[in-house]
Peer 1: 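Here's a structure for you.
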There are 2 protein chains.
Amino acid sequence: MITNSGLVVLSVTAKRAAVEILSLPQSGSFAVKASHLGKSARTRARLIDAALFVFARQGLDAASINEITREAGIANGTFYLHFKDKEELAAVVAFSVVAEIVTEIEAAMAGIDDAVERISRGTRHFIHTAFGRIDWGWTFFRFFWTLPQLRREVAQYLRQDIELGVVQGVFTVTVDDFLVEMVGSLVNSALFAQMNGTVGSEAGSRAAELQLRLLGVDPDRAREVAWRSLD
Amino acid sequence: MITNSGLVVLSVTAKRAAVEILSLPQSGSFAVKASHLGKSARTRARLIDAALFVFARQGLDAASINEITREAGIANGTFYLHFKDKEELAAVVAFSVVAEIVTEIEAAMAGIDDAVERISRGTRHFIHTAFGRIDWGWTFFRFFWTLPQLRREVAQYLRQDIELGVVQGVFTVTVDDFLVEMVGSLVNSALFAQMNGTVGSEAGSRAAELQLRLLGVDPDRAREVAWRSLD
DNA sequence: CTCATAAATGAGGGTAATCTCAATTTCCCA
DNA sequence: TGGGAAATTGAGATTACCCTCATTTATGAG
């Protein structure tokens with residue numbers, strides 16, 4: 001029998017956290033990640049998960065704080081202990097999603113130096129994972145035009161690869177905010193088209209092919225790269 | 001002295017309509033057009049103008065019926081005599097805007113048969129006039145992703161010219177809903193970029209150039225056509 | 001196990017929006 | 001010009017949301 005009080009307490013806490021997670025309608029990824037942290041961090045994570053769920057379906061304006069806390073299984077007033085208002089939570093949610101997706105993409109693209117390949121794979125991976133975790137996809141889409149910070153975040157990543165391509169002599173464009181935003185919005189539009197059913201799983205390749213053409217890559221090369229198997 | 005009662009009555013009505021218009025904060029174009037119609041049509045037009053003003057600044061969700069009627073100088077309850085709800089009014093507003101812009105574009109493009117030229121001029125004109133009447137621009141942008149009918153309307157026009165280009169052998173793409181939606185969303189994004197200050201009056205030409213590249217036009221030709229003076 | 005602290009609760013006050021309808025005003029024909 | 005029809009008015013009933021705070025519950029170090 002364990003008598004070390006510290007261990008006992010830790011064990012009780014862990015069990016409570018586990019029960020919390022099991023009691024969720026569908027335990028989101030952020031709650032799982034926070035399950036070993038303190039209570040405050042855990043309810044914060046549950047709020048983020050619930051917000052992701054609600055924002056994905058309703059968008060920012062239509063979502064109410066009441067509904068998010070209900071979805072999280074948390075009292076209404078608790079919300080204000082963690083976030084100032086809906087907008088603050090929205091920003092956190094949006095950045096969490098982008099951070100998750102970017103992490104996955106960077107892992108998949110490590111060691112690839114060809115800009116044409118990077119743009120193609122980046123776009124394809126992005127659309128694939130955003131569509132795969134559909135709440136990520138819808139939340140990203142819904143926030144893309146309402147959160148300037150989100151567009152800037154995306155632009156930052158895209159710009160590096162586009163500038164790389166110009167240096168490598170494969171892209172024939174002048175790189176500025178406008179260009180980067182057009183390329184970024186094309187990714188967003190293609191993601192929407194797939195979520196909407198306008199296009200199937202080929203969305204990523206089709207978007208990548210159009211992007212490469214737009215950047216000045218020869219259409220034959222663009223086609224070849226964009227549709228090549230991703231290993 | 002005019003004694004014909006019909007004429008006298010008409011004159012009084014016309015004067016009332018004129019006073020209505022002058023009393024508006026800024027008499028919108030739809031109210032002006034309806035000034036010779038019956039009273040019902042006139043207040044309906046005032047509602048559309050006011051909605052255009054409010055939607056452009058607040059978007060669909062944030063706008064309230066109260067604010068629209070206040071802006072129109074009309075009692076709250078009158079709204080429901082003309083529209084079922086905010087969404088119905090929004091659809092009417094969106095289609096009115098598109099109809100106006102399309103009318104202007106078609107006038108400017110009559111007699112042009114080259115698909116490359118048509119796509120270029122259509123995009124440039126669209127962005128130019130939408131930005132010129134800034135409420136049209138913002139309202140179009142705000143509704144683009146929320147009203148599927150609006151995207152379909154735009155797609156319909158674009159598709160004709162894209163298919164024309166394929167027939168003429170100048171575009172090397174497969175034309176389907178996905179492609180048309182990507183081209184359309186690029187116009188919308190470029191319009192936003194200009195309204196947002198990311199880019200100046202060259203937005204139309206830059207968007208057109210990217211579009212033509214994307215459709216398979218040789219980059220040199222794309223540049224030449226997209227930046228040529230519009231007469 | 002005890003207890004001070006941290007966290008969560010949820011009822012309730014305040015605000016704002018939607019929609020209705022009986023009363024009023026305007027319109028326009030005879 | 002009189003008067004019935006058409007249109008408008010705006011107060012109020014209803015609903016939904018935001019946010020606060022006094023109270024309750026959970027936590028974990030000693």
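Values reported hereafter were calculated over all heavy atoms of this structure, with side chains retained and with hydrogens, waters and symmetry mates removed. So you know, we letter chains A, B, ... as the sequences are listed, proteins then strands, and number each from 1.
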Peer 1: Let me know the distance between NZ of K39(A) and C1' of dT9(C), rounded to the nearest Å.
Peer 2: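 About 11 Å, once rounded to whole Å.
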Peer 1: Roughly, in whole Å, what's the span from NZ in K86(B) to P in dA16(C)?
Peer 2: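 Going from K86(B) (NZ) to dA16(C) (P), I get 16 Å.
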Peer 1: At a heavy-atom distance below 4.0 Å, what parts of residues 88-95 of chain B sit against DNA chain D?
Peer 2: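 The stretch gives none, as no residue of it lies under 4.0 Å from the strand.
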Peer 1: Tell me whether the centres of the aromatic rings in W136(A) and F131(A) are closer together than 6.0 Å.
Peer 2: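 No, the ring of W136(A) stays outside the 6.0 Å limit from the ring of F131(A), centre to centre.
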Peer 1: If you restrict it to nitrogen or oxygen atoms, what contacts under 3.5 Å exist between nucleotides 2-6 of chain C and the protein, and what is each distance?
Peer 2:
none

Peer 1: What is the distance, to the nearest angstrom, from the CG atom on D61(A) to the P atom on dA16(D)?
Peer 2: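 In whole Å, dA16(D) P and D61(A) CG are 18 Å from each other.
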Peer 1: Return the orientation label for the W138(B) and F141(B) ring planes: parallel under 30°, perpendicular over 60°, tilted otherwise.
Peer 2: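 Perpendicular: the ring planes of W138(B) and F141(B) meet at over 60°.
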Peer 1: Enumerate the salt bridge (charged side-chain N to carboxylate O under 4.0 Å, His left out) contacts for residues 183-195 of chain A, please, sequence neighbours excluded, ordered by first and then second residue.
Peer 2: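 Not a single pair qualifies under salt bridge (charged side-chain N to carboxylate O under 4.0 Å, His left out).
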Peer 1: Separation of I68(A) atom CD1 from dC17(D) atom C1', in whole Å?
Peer 2: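 Rounded to whole Å, this separation is 12 Å.
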Peer 1: Is it the case that the side chain of D49(B) and the backbone of A31(B) share a donor-acceptor pair, with hydrogens and angles ignored and the cut-off at 3.5 Å?
Peer 2: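 A pair under 3.5 Å: yes.
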Peer 1: How long is the line joining CD of Q58(B) and P of dA16(C), in whole Å?
Peer 2: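 Value for this atom pair: 14 Å.
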Peer 1: By nearest atom, which of the nucleotides dA7(D), dC18(D), dT18(C) is closest to the S64(A) side chain?
Peer 2: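 The answer is dC18(D).
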Peer 1: Sequence neighbours left out, what passes side-chain contact (heavy atoms from CB on, under 4.5 Å) with Q156(A)? Give chain and number order.
Peer 2: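 Only E153(A) meet the side-chain contact (heavy atoms from CB on, under 4.5 Å) criterion with Q156(A).
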Peer 1: Of the nucleotides dT9(D), dA17(C), dC18(D), which has the atom closest to the N66(B) side chain?
Peer 2: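 Among the listed nucleotides, the one closest to the side chain of N66(B) is dA17(C).
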Peer 1: Where along residues 75-84 of chain A does a heavy atom fall under 4.0 Å from DNA chain D?
Peer 2: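 DNA chain D contact set from residues 75-84 of chain A: N76(A), G77(A), Y80(A).
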Peer 1: With no hydrogens and no angle check, is any side-chain donor or acceptor of R118(A) less than 3.5 Å from a backbone partner on I112(A)?
Peer 2: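 Confirmed, R118(A) side chain pairs with I112(A) backbone.
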Peer 1: Between R46(A) and E71(A), is there a side-chain N and carboxylate O pair less than 4.0 Å apart?
Peer 2: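 Between E71(A) and R46(A) there is no salt bridge, as every charged N stays at least 4.0 Å from the carboxylate O atoms.
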Peer 1: Examine distances only and state if a side-chain atom of T123(A) and a backbone atom of S120(A) form a donor-acceptor pair shorter than 3.5 Å.
Peer 2: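 Absent.
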Peer 1: Checking R206(A) now: which residues fulfil side-chain contact (heavy atoms from CB on, under 4.5 Å) with it, not counting sequence neighbours?
Peer 2: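 By the side-chain contact (heavy atoms from CB on, under 4.5 Å) rule, R206(A) matches V199(A), E202(A), W227(A), T174(B), D176(B), F178(B), L179(B).
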Peer 1: Are the aromatic ring centres of F192(A) and F144(A) under 6.0 angstrom apart?
Peer 2: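 So the answer is no for these two rings.
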Peer 1: Spell out, as yes or no, whether a donor-acceptor pair under 3.5 Å connects the side chain of R142(B) to the backbone of A56(B).
Peer 2: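 Here the side-chain-to-backbone pair exists.
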Peer 1: Could you state the CG-C1' distance from L47(A) to dA8(C), rounded to the nearest angstrom?
Peer 2: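 Rounded to whole Å, this separation is 11 Å.
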Peer 1: Please give, in whole Å, the distance from dT18(C) P to E67(B) CD?
Peer 2: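 E67(B) atom CD is separated from dT18(C) atom P by 10 Å.
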Peer 1: Would you kindly give the CD1-to-P distance between I65(B) and dG10(D), to the nearest whole Å?
Peer 2: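 So the two atoms are 17 Å apart, to the nearest Å.
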